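Working notes, structure below.
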Amino acid sequence: QVQLVESGGGLVQAGGSLRLSCAASGRTFSGYAMGWFRQAPGKEREFVTELSWGGGSTYYADSVKGRFTISRDNAENTVYLQMNSLKPEDTAVYYCAASRYARAGLGPGAYIYWGQGTQVTVSS
């Protein structure tokens, strides 16, 4: 079992930046691809970005490409999401997730552990 706890959400103006963190505990952090998803009010949860265990493969949703960056520190059991040039449409609850696999790019169904989410609100 892996426990995931997100932090770093908040209120920011359009054009601003936030850095989300996701701390993992429980079973070893090793061997899991990690991802970020988000859910806006009235919408389904959507994929944002993911990163393979070794960090060699990353994937981004088209809507965040060039603005968001995922990274991980395996020694600290933490994954990060740097969000720049934020837009009001980025407003959502952001969830960190751990895959059952080391590879990324296997789809949302690969993710079996989820955090409780952190709210990000971007004002116009």
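What's counted below: heavy atoms across the whole structure, side chains too, no hydrogens, waters or symmetry copies. The structure displayed is predicted, hence computed values, not measured ones.
Salt bridge Lys87/Asp90: absent, no basic N to carboxylate O contact under 4.0 Å.
Val120 and Leu11 end up in different hydrophobic clusters when Ile, Leu, Val, Met, Phe, Trp and Tyr side chains are linked at under 4.5 Å. Residues Leu106 and Val2 fall into different hydrophobic clusters, defined by Ile, Leu, Val, Met, Phe, Trp and Tyr side chains chained together at heavy-atom separations under 4.5 Å. Under a hydrophobic-cluster definition in which Ile, Leu, Val, Met, Phe, Trp and Tyr are linked whenever side-chain heavy atoms come within less than 4.5 Å, directly or via other members, Val5 and Ile112 are assigned to different clusters. Both Met83 and Val12 sit in one connected hydrophobic cluster of ILVMFWY residues. Membership requires side-chain heavy atoms under 4.5 Å apart, directly or through other members.
Residues Phe68 and Val48 form a side-chain contact, since some pair of their non-hydrogen atoms from C-beta on lies under 4.5 Å apart. The closest side-chain heavy-atom distance from Cys22 to Trp36 is below 4.5 Å. The closest side-chain heavy-atom distance from Arg67 to Lys65 is not below 4.5 Å. Annotation: side chain of Tyr95 is not in contact with side chain of Leu4 (no heavy-atom distance under 4.5 Å). Considering only heavy atoms from C-beta on, Phe47 comes within 4.5 Å of Tyr59 through its side chain. Between Asn74 and Tyr32, every side-chain heavy-atom pair lies at or beyond the 4.5 Å cut-off. Between Leu20 and Tyr80 the shortest side-chain heavy-atom distance does not fall below 4.5 Å. Side-chain contact between Cys96 and Trp114 is absent, with no heavy-atom pair separated by less than 4.5 Å.
Side-chain atoms of Thr78 come within 3.5 Å of backbone N or O of Glu76 as a donor-acceptor pair. Between the Glu6 side chain and the Gly117 main chain, a donor and an acceptor come within less than 3.5 Å of each other. Side chain of Thr69 to main chain of Gln82: no donor-acceptor pair is present (N/O by atom type, distance under 3.5 Å, no hydrogens or angles). Glu44 contributes no side-chain N or O that, together with a main-chain N or O of Gln39, makes up a donor-acceptor pair within less than 3.5 Å. Checking side-chain atoms of Arg38 against main-chain N and O of Val93 turns up no donor-acceptor pair under 3.5 Å. Between the side chain of Ser57 and the main chain of Ser52, no donor-acceptor pair closer than 3.5 Å is present. Panel note: side chain Thr118, backbone Gly9; a donor-acceptor pair is recorded below 3.5 Å.
Side-chain contact check for Glu89 and Thr91: no donor-acceptor pair (N or O, by modelled atom type) lies under 3.5 Å.
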Quiz item: Where do Arg72 and Trp53 land on the side chain to side chain contact (heavy atoms under 4.5 Å, CB included) test, with the steps shown first?
Solution: CA-CA 9 Å; Arg72 66 191 296 165; Trp53 150 242; 3.5 Å; yes
Quiz item: Can you list the steps and then say if Gln119 with Tyr94 is a side chain to side chain contact (heavy atoms under 4.5 Å, CB included)?
Solution: CA-CA 6 Å; Gln119 176 71 46; Tyr94 283 71; over 6 Å; no
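Using the six-membered ring where Trp is involved, Phe37 and Tyr111 have ring planes that are perpendicular, over 60° apart on the 30 and 60° scheme.
For the pair Pro88 and Ala14, the tightest heavy-atom approach, listed with the atom from each and the gap, is CD-CB, 4.1 Å. Between Ala40 and Ala92, the closest heavy-atom pair is N-CB, 3.8 Å.
One finds the CZ atom of Arg19 at 10.0 Å from the CG atom of Leu81 (value rounded to the nearest 0.5 Å). To the nearest 0.5 angstrom, Asn77 atom CG is 9.5 Å from Met34 atom CE.
The 12-atom threshold is not exceeded at OH of Tyr101, counting heavy atoms of other residues, nucleotides or ligands nearer than 6.0 Å.
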